[in-house]
Amino acid sequence: MPELPEVEAMARALWPLVAGQTIVRCRVIHPIAVRPNSGRGAANEAARIQKSVRGQKVRSVERRGKYLLLRLERGYLVLHFRLDGQLIWFDGRRTSGHIDVAFEMRRGTLGFVDQRHFGRVQWVRSPGDVPGVRAMGVEPLSKGFTGTRLAEMLRGSRRPLKLFLLDQSRIAGLGNIYSNEAMWLARLNPRRAANRLTEAETRRLHKAIVDVLGRALECCLHPAPDFRDPNWWFQGLGEILAVYGRAGEECRACGRRIRRIEQGGRSTFSCAHCQQ
DNA sequence: CCTGCTACCTGATGGC
DNA sequence: TGCCATCAGGTAGCAG
């Protein structure tokens, strides 16, 4: 489930493959992958994308939150991987396996793959035409993400800290994994109300978010994503995780059991002793 | 403005 | 062993 570090690494690894390449043809193989998230009547969406993208050069590859953006000469291809979405690169025009959308270029073919069909591919004039991108909050690895900024945002929310961290309109790119990890590193209880953190706790949280994402990004870049390998996925991430997915195992700080609770319908992992 | 709930999908998992 | 039910996850949109 790619979050900010994974998508950032994908964006960097993708650029050398598609830089300046012309999309000779776009094939929407599974139209569900281009269906808008809401509303129906999207029967022609596949045709629209195929037509809009054809013949355009890729000008840059960018990331916003967990979105991957391919800036074309006209408009943007906006990809979201949700849980299991992936990219695959084929050196020729032939593809194999389950491909939802294929972008054929001179040098090869880029495939968007998501068997569960949660992920989406969209073409828009401007990134802001995608509601999730328009509403995106501050990039946590940017200069704009300061302790002061975090404090302001925390003050404006009475939600449990965990749900605050998952809110993309406040901080961009944190998902279930890194929000859990950041709270453990900052030694904060996921159920604490966001606006009840002390100054010291806020500073700890700020540092934890930046540290966790920075470390994860380093991990995602070494080794770099290899889209040519259909079985490729990020390696070594499991080893840097302290709480996520470790219910019942020992806390790396105090040795007590990591527990799993549910918040907003999803799993939260924490150490009841370390995180107050 | 803020918050909380639900639909969306399907492979993996667990119970019997 | 096979079958069925449940779960997991991020986002958008809606209701309150």
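Order of the sequence lines sets the chain letters (A, B, ...), proteins ahead of strands, with each chain counted from 1.
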Can you check whether [X] has a side-chain N or O nearer than 4.0 Å to OP1 or OP2 of [N]?
X	N	answer
Y178(A)	dG10(C)	no
R260(A)	dA8(C)	yes
S157(A)	dT3(B)	yes
H117(A)	dC8(B)	no
Q168(A)	dT11(C)	yes
R155(A)	dC2(B)	no
R159(A)	dG4(B)	yes

Straight-line distance of I88(A) CD1 to R228(A) CZ, nearest 0.5 Å: 13.0 Å
Polar contact flag, side-chain donor to acceptor under 3.5 angstrom, Q168(A)-Y67(A): no
Donor-acceptor side-chain pairing of E104(A) and T109(A) below 3.5 angstrom: no
Among dT11(C), dT3(B), dG4(B), the one nearest R170(A) by side-chain distance: dT3(B)
Rounded interatomic separation in angstrom, taking [atom1] from [X] and [atom2] from [N]:
X	N	atom1	atom2	result
R266(A)	dG4(B)	CZ	C1'	12 Å
D84(A)	dT10(B)	CG	C1'	9 Å
I171(A)	dT11(C)	CD1	P	14 Å
D114(A)	dA8(C)	CG	P	18 Å
Q86(A)	dG9(C)	CD	C1'	15 Å
F118(A)	dC7(C)	CZ	P	15 Å
F164(A)	dG4(B)	CZ	C1'	17 Å
L68(A)	dG10(C)	CG	P	17 Å

Ion pair check, D167(A) and R159(A), cut-off under 4.0 Å: yes
R158(A) atom CZ, neighbour heavy-atom count above 12 within 6.0 Å: no
Exceeds 12 heavy-atom contacts within 6.0 angstrom, atom CZ of R134(A): yes
Paired nucleotide for dC1(B) [Watson-Crick or G-U wobble; both distances under 3.5 Å]: none
Touch class at under 4.0 angstrom, heavy-atom based, for L166(A) against every strand present: nothing
Closest-nucleotide 5' rank along DNA chain B - winner of D167(A) and G264(A): D167(A)
Non-hydrogen atoms of L174(A) and E3(A) that approach each other most closely: C-OE1, 3.9 Å
Nucleotide N/O of nucleotides 11-14 of chain B paired with protein N/O under 3.5 Å:
unit_1	atom_1	unit_2	atom_2	d
dG11(B)	N3	R116(A)	NH2	3.2

Closest-nucleotide ordering on DNA chain C, the 5'-leading residue of E3(A) and P131(A): E3(A)
Most 5' of L174(A) and G265(A) on DNA chain C, judged by nearest nucleotide: G265(A)
Validation row, ring centre F145(A) to ring centre H206(A) under 6.0 Å: yes
